[in-house]
Number of protein chains: 2
Amino acid sequence: MPSPEKSLDEKLRRLERFCKSSGMKLTHQRLEVFRELALATDHPSAEILHRRLQLRLPTLSLDTVYRTLATLEEHDLVARIQTTESQARFEVQEQIHHHLICDSCKKIVDFHWPDFDRIPLPEELSSWGAITHRKAILHGRCRHCS
Amino acid sequence: MPSPEKSLDEKLRRLERFCKSSGMKLTHQRLEVFRELALATDHPSAEILHRRLQLRLPTLSLDTVYRTLATLEEHDLVARIQTTESQARFEVQEQIHHHLICDSCKKIVDFHWPDFDRIPLPEELSSWGAITHRKAILHGRCRHCS
DNA sequence: CTTTTAAATAGGAAAATTTCCTATATAATA
DNA sequence: TATTATATAGGAAATTTTCCTATTTAAAAG
């Protein structure tokens with residue numbers, strides 16, 4: 001993640017503060033799962049986190065990692081990357097378009113956004129490699145779910 | 001999908017053309033899986049497609065639907081929406097940022113893109129509901145994989 | 001229109017991922 | 001320290017996806 005970044009301590013304090021105010025218990029396991037994820041720079045899966053944590057917490061269950069991540073995600077302390085639900089979803093390849101997803105009913109709407117297709121990419125990405133395509137994903141709550 | 005849209009016939013001809021030129025066999029099952037997905041507007045999962053197709057093709061196996069979608073995806077005739085791999089991946093919630101994914105090694109890089117964060121959304125979305133956040137996903141091939 | 005053959009399919013089994021169940025343990029509070 | 005609601009471990013179960021193999025079929029050749 002590019003700077004400016006919060007320090008680990010700041011992140012841990014945020015978790016602590018949140019638990020206190022929401023009544024969520026700050027268990028050893030939760031703290032460690034969060035800390036491990038906060039330290040990671042590689043967007044790990046639940047299983048990878050579990051494997052890393054088992055070195056320190058040999059009895060930690062995989063279920064706890066899943067549960068903790070889900071709980072923290074509900075409270076926006078953790079983000080799940082790029083997945084809708086459990087099942088993958090498909091579409092016939094069309095011309096360039098983007099997706100608008102209702103977080104409530106999970107319906108996906110396609111739309112065009114030529115202005116986005118055109119804006120230049122950030123300078124900092126020029127050395128990364130070859131970028132082949134870009135996509136915008138919008139989230140919200142559709143009319144019917146409000 | 002907003003217009004202009006290709007007609008179903010055009011899409012089917014594209015599939016046919018592709019099969020011919022690539023040596024891929026145009027089986028009845030492939031044609032029907034593709035047709036069903038081309039007609040769908042709801043970005044269905046493999047299982048939903050299978051359920052719909054079973055009305056017409058009672059012996060169609062779920063595995064064939066999965067295999068067909070995977071094959072067509074490899075050739076860019078079908079797109080898988082918003083999933084990286086099989087396992088979900090996580091990160092601690094930071095300030096607004098976006099993702100750049102290497103299609104080869106699957107590494108995810110975070111980056112900032114204030115210009116994107118600022119551009120106005122398309123007019124056509126104003127009646128959809130309440131859009132709460134936007135995210136850009138870039139794909140490509142990183143330096144190390146080239 | 002047959003024959004040939006490499007590729008694809010059906011169906012069930014297996015693998016992989018995630019969630020559920022329940023007895024036990026623990027954080028927060030009194 | 002006692003109480004209690006919540007969280008955990010561990011294994012079972014559910015869900016999603018892929019694999020295996022005998023059979024079928026599309027495409028090409030005769």
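Convention: sequence-line order gives letters A, B, ...; per-chain numbering from 1. Just so it is clear, the structure is predicted and the values come from calculations on it, not from any experiment.
- One atom, NE2 of B/His50, and another, C1' of D/dT15, lie 16 Å apart when rounded to the nearest Å.
- Judged as a ring pair (Phe, Tyr, Trp, His ring centres under 6.0 Å), and not counting sequence neighbours, B/His28 has no contacts.
- Toward the 5' end of DNA chain D, the nearer of the two residues A/Thr71 and A/Pro58, judged by each one's closest nucleotide, is A/Thr71.
- Rounding to whole angstrom units, CG of residue A/Asp63 and P of D/dT6 are separated by 18 Å.
- Sequence order on DNA chain D of the closest nucleotides to B/Lys20 and B/Leu62 puts B/Leu62 first from the 5' end.
- Between A/Arg30 and the phosphate of D/dA7, there is a side-chain N or O to OP1/OP2 separation shorter than 4.0 Å.
- D/dA28 atom P lies 10 Å from atom NZ of B/Lys25, rounded to whole Å.
- Not a single side chain to side chain donor-acceptor pair (under 3.5 Å) links A/Gln93 to another residue, sequence neighbours left out.
- The terminal axes of the helix from C/dC1-D/dG30 to C/dA30-D/dT1, fitted over 5 pairs per end, subtend an angle of 40° to the nearest 10°.
- Here the P atom of nucleotide D/dT15 and the CD1 atom of B/Ile48 are 14 Å apart, to the nearest Å.
- A donor-acceptor contact closer than 3.5 angstrom is absent between the side chains of A/Asp110 and A/His98.
- Taking side-chain N and O atoms only, B/Thr64 has a distance below 4.0 Å to OP1 or OP2 of C/dA10.
- A/His112 contributes a side-chain N or O that, together with a main-chain N or O of A/Ile96, makes up a donor-acceptor pair within less than 3.5 Å.
- Regarding contacts with the backbone of C/dT9, a side-chain N or O of B/Arg67 is found under 4.0 angstrom from either OP1 or OP2.
- Between the B/His139 side chain and the B/Ile137 main chain, no donor and acceptor come within less than 3.5 Å of each other.
- Between B/His75 atom NE2 and C/dA8 atom P there is a gap of 10 Å when expressed in whole angstrom units.
- Among the protein residues, A/Leu60 comes within range of the sugar-phosphate backbone only, with heavy atoms under 4.0 Å from sugar or phosphate atoms but none that close to a base.
- Look at A/Arg35 and A/Glu32 and you find a salt bridge, because one of the NZ, NE, NH1 or NH2 atoms lies within 4.0 Å of a carboxylate O, short of that distance.
- A/Tyr66 places its OH atom 18 Å from the C1' atom of C/dC21, with the value rounded to the nearest Å.
- Between B/Lys11 and A/Glu94 a salt bridge is recorded (basic side-chain N to carboxylate O distance below 4.0 Å).
- Taking side-chain N and O atoms only, A/Gln29 has a distance below 4.0 Å to OP1 or OP2 of D/dA9.
- Remark: B/Thr27 is in phosphate contact with C/dT9, judged by side-chain N or O atoms under 4.0 Å from OP1 or OP2.
- Spacing between atom CG of A/Leu53 and atom C1' of D/dT8 amounts to 14 Å, rounded to whole angstrom units.
- Residues A/Gly23 and B/Thr68 both approach DNA chain C. Their nearest nucleotides, taken by heavy-atom distance, put B/Thr68 toward the 5′ side.
- The nearest whole Å value for the distance from the CG atom in A/Leu57 to the C1' atom in C/dA25 is 15 Å.
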